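Below you'll find the structure, written out as C-alpha cells, and then a few comments.
Note on naming: letters A, B, ... go to the chains in the order of the sequence lines (proteins, then strands), and numbering restarts at 1 for each one. Because the structure is predicted, anything quoted here is derived from the model rather than measured.
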Number of protein chains: 2
Amino acid sequence: MRSYDEAVGLLKGRGVRITPQRTAILQYLLSHRTHPTADEIYRAIQPSYPNVSVATVYNNLRAFQEAGLVRELTAGDHASRFDVNMVPHHHAVCDRCGKIVDFYHPQLDGLAEAMEEELGFAVTEQRIEVHGLCRECRQRPS
Amino acid sequence: MRSYDEAVGLLKGRGVRITPQRTAILQYLLSHRTHPTADEIYRAIQPSYPNVSVATVYNNLRAFQEAGLVRELTAGDHASRFDVNMVPHHHAVCDRCGKIVDFYHPQLDGLAEAMEEELGFAVTEQRIEVHGLCRECRQRPS
DNA sequence: GTTCTTGCAAAACTTTTGCAGCAGT
DNA sequence: ACTGCTGCAAAAGTTTTGCAAGAAC
C-alpha cells in the first residue's frame, strides 16, 4: 500500500466508511513507517483530535486489518504493532533501539508451497521476524 | 532441550536454583510440547501445587528465558506462549484450531548471513511463523 | 547464613465491550 | 434514512512489582 488515496479506495471498496478518525490513523501509519503500537498512534493523533478514544484506535486498526490494509505484528514487547506495507516483506527488529527495518529476501520465497507439500498445511500468512542488532547499534558501545 | 536432567543441568550451571515450582513448570513444558501460555501452565500445575501464583509462573518463565532454556512466542492471540525446544525450528500456527506445529526447512538457512552482509544487521534470533490451516482443519467443514 | 525465590495483593498495561448519540453514505 | 462509527467508561485479560516469609545452596 503506497498512497493515501489507494488505501481509501480499498477501504471504500470493502464498505468501510471514511471518518476523520480513520483518516488520521491512516495518515499516521502511512507517514510513519515505524510499525507503531496502538498507543503510539493514539498519542500522536490526540493533539489534533483531542477526543479520539483508545477504543476507537483499536476498533479502527481491527477494521483495517479485516479489510486487508494493515497487519498486526509483535516485536517481542507486549504490545501489538501495526504495519501498512502490504507488499510481501519481512522484519528485522533491533533489540537495542527497537527499530524495525523492513527487508525482503528471495530465499524465503517458495516456503508456502514447500509446507503445503510436506505438511499439508495451507499457508495464509508468513510472519518472518529476525531479531538482533542493527548497524547503528552495533557500532555504539552497549 | 530434550530431557529434564539436561534442562536442570543448564539451569544450575547458570546459577538458577531448582525449586518445586520450577520443576513443575519445566516438567509441564517438557511433556506438553504445545507451546502453552503462562496461564495454561498455571492452571495445569495448580492442582498439584495449589498455592503457586501466576506471578511465580511469569517470574520463572522469565528466568528460564534468561538462562536460554525457553523462548517466548506469539501465536497471534494476545498472550505469550513458551517453547522449550531450543533446536532451531519454526512454527506453523493453525488459525482455526490454534495448534502449533514445529517445522524446519533448510530453505531458511543462511538467512542470517545474508542479512549481515546486506543490512549490517547482527542476527541473534530468527522467529519464523507461518499462519494458515493445518491438514486436519482443511478437511473439516468450516 | 546468605542469597534467591515464593506468594500474595495491588498496580500497570493492553485490549475488548456495551450502548447512547452522531455521522458517513 | 439507514447503518455503521464514535466516545466514554467499565470490564476483561495479561504481565509486572513490592515486600515479608520461606527455601535452596
Tell me the interatomic distance from A/Leu61, atom CG, to C/dT15, atom C1', rounded to whole angstroms.
11 Å
Do the side chain of A/Arg62 and the base of C/dT16 come within less than 3.5 angstrom through a donor-acceptor pair of N or O atoms?
no
What is the distance, to the nearest angstrom, from the CD atom on A/Gln65 to the P atom on C/dT15?
11 Å
Take the angle between the ring planes of B/His89 and B/His35 and call it parallel below 30°, perpendicular above 60°, tilted in between.
tilted
I'd like to know if the side chain of B/Arg22 and the backbone of B/Asn60 have a donor-acceptor N/O pair within less than 3.5 Å.
no
Under 4.0 Å: is that the gap between some side-chain N or O of A/Thr56 and OP1 or OP2 of D/dG7?
yes
From C-beta outward on B/Ala55, which listed nucleotide comes closest to its side chain: D/dC5, D/dG7, C/dA9?
C/dA9
Establish, with yes or no, whether the OP1 or OP2 oxygen of D/dT15 is under 4.0 angstrom from a side-chain nitrogen or oxygen of B/Tyr58.
yes
Would you please confirm or rule out a distance under 4.0 Å between OP1 or OP2 of C/dG7 and any side-chain N or O of B/Gln21?
yes
Could you give the CG-to-P distance, from B/Asn51 to D/dA23, as a whole number of Å?
11 Å
Counting side-chain heavy atoms from CB outward, which of C/dT25, D/dA9, D/dT6 is closest to A/Ile18?
C/dT25
Choose from D/dT17, D/dT3, C/dT17 the nucleotide whose nearest atom is closest to any side-chain atom of A/Arg17.
D/dT3
To the nearest 0.5 Å, what is the distance between CD (B/Gln46) and CD1 (B/Ile41)?
13.0 Å
Is any side-chain heavy atom of B/Arg127 closer than 4.5 Å to a side-chain heavy atom of A/His91?
no
Quick note, B/Arg22 side chain, CB onward, closest among C/dT5, D/dT6, C/dT14 is C/dT5
Base, sugar-phosphate, or nothing: which does A/Asn60 touch, judged by heavy atoms less than 4.0 Å apart?
sugar-phosphate
B/Glu72 and A/His78 side chains, donor-acceptor separation under 3.5 Å
yes
Here's a test of your reading of the structure: between B/Val16 and B/His78, which maps to the more 5' nucleotide of DNA chain C?
B/Val16
Between B/Phe82 (CZ) and D/dT15 (C1'), how many Å, whole number?
9 Å
Which atom pair, heavy atoms only, marks the closest approach of A/Gly120 to B/Arg138?
O-NH1, 3.0 Å
Between B/Lys12 and A/Ser53, the residue closer to the 5' end of DNA chain D by nearest nucleotide is A/Ser53
The side chain of A/Thr19 lies closest to which of these nucleotides: D/dT6, C/dG7, C/dT15?
D/dT6
Check every strand shown and say whether B/Ser80 touches a base, only sugar-phosphate, or nothing at a heavy-atom separation below 4.0 Å.
sugar-phosphate
In whole angstrom, what separates A/Arg43's CZ from C/dC13's P?
10 Å
Whole Å only: how far is the CG atom of B/Asp39 from the P atom of D/dT16?
14 Å
Rounding to an integer number of Å, can you tell me how far A/Tyr42 OH sits from C/dT15 P?
15 Å
Take the protein atom CG of B/Asn59 and the nucleotide atom P of D/dG18, then report the distance between them rounded to whole Å.
12 Å
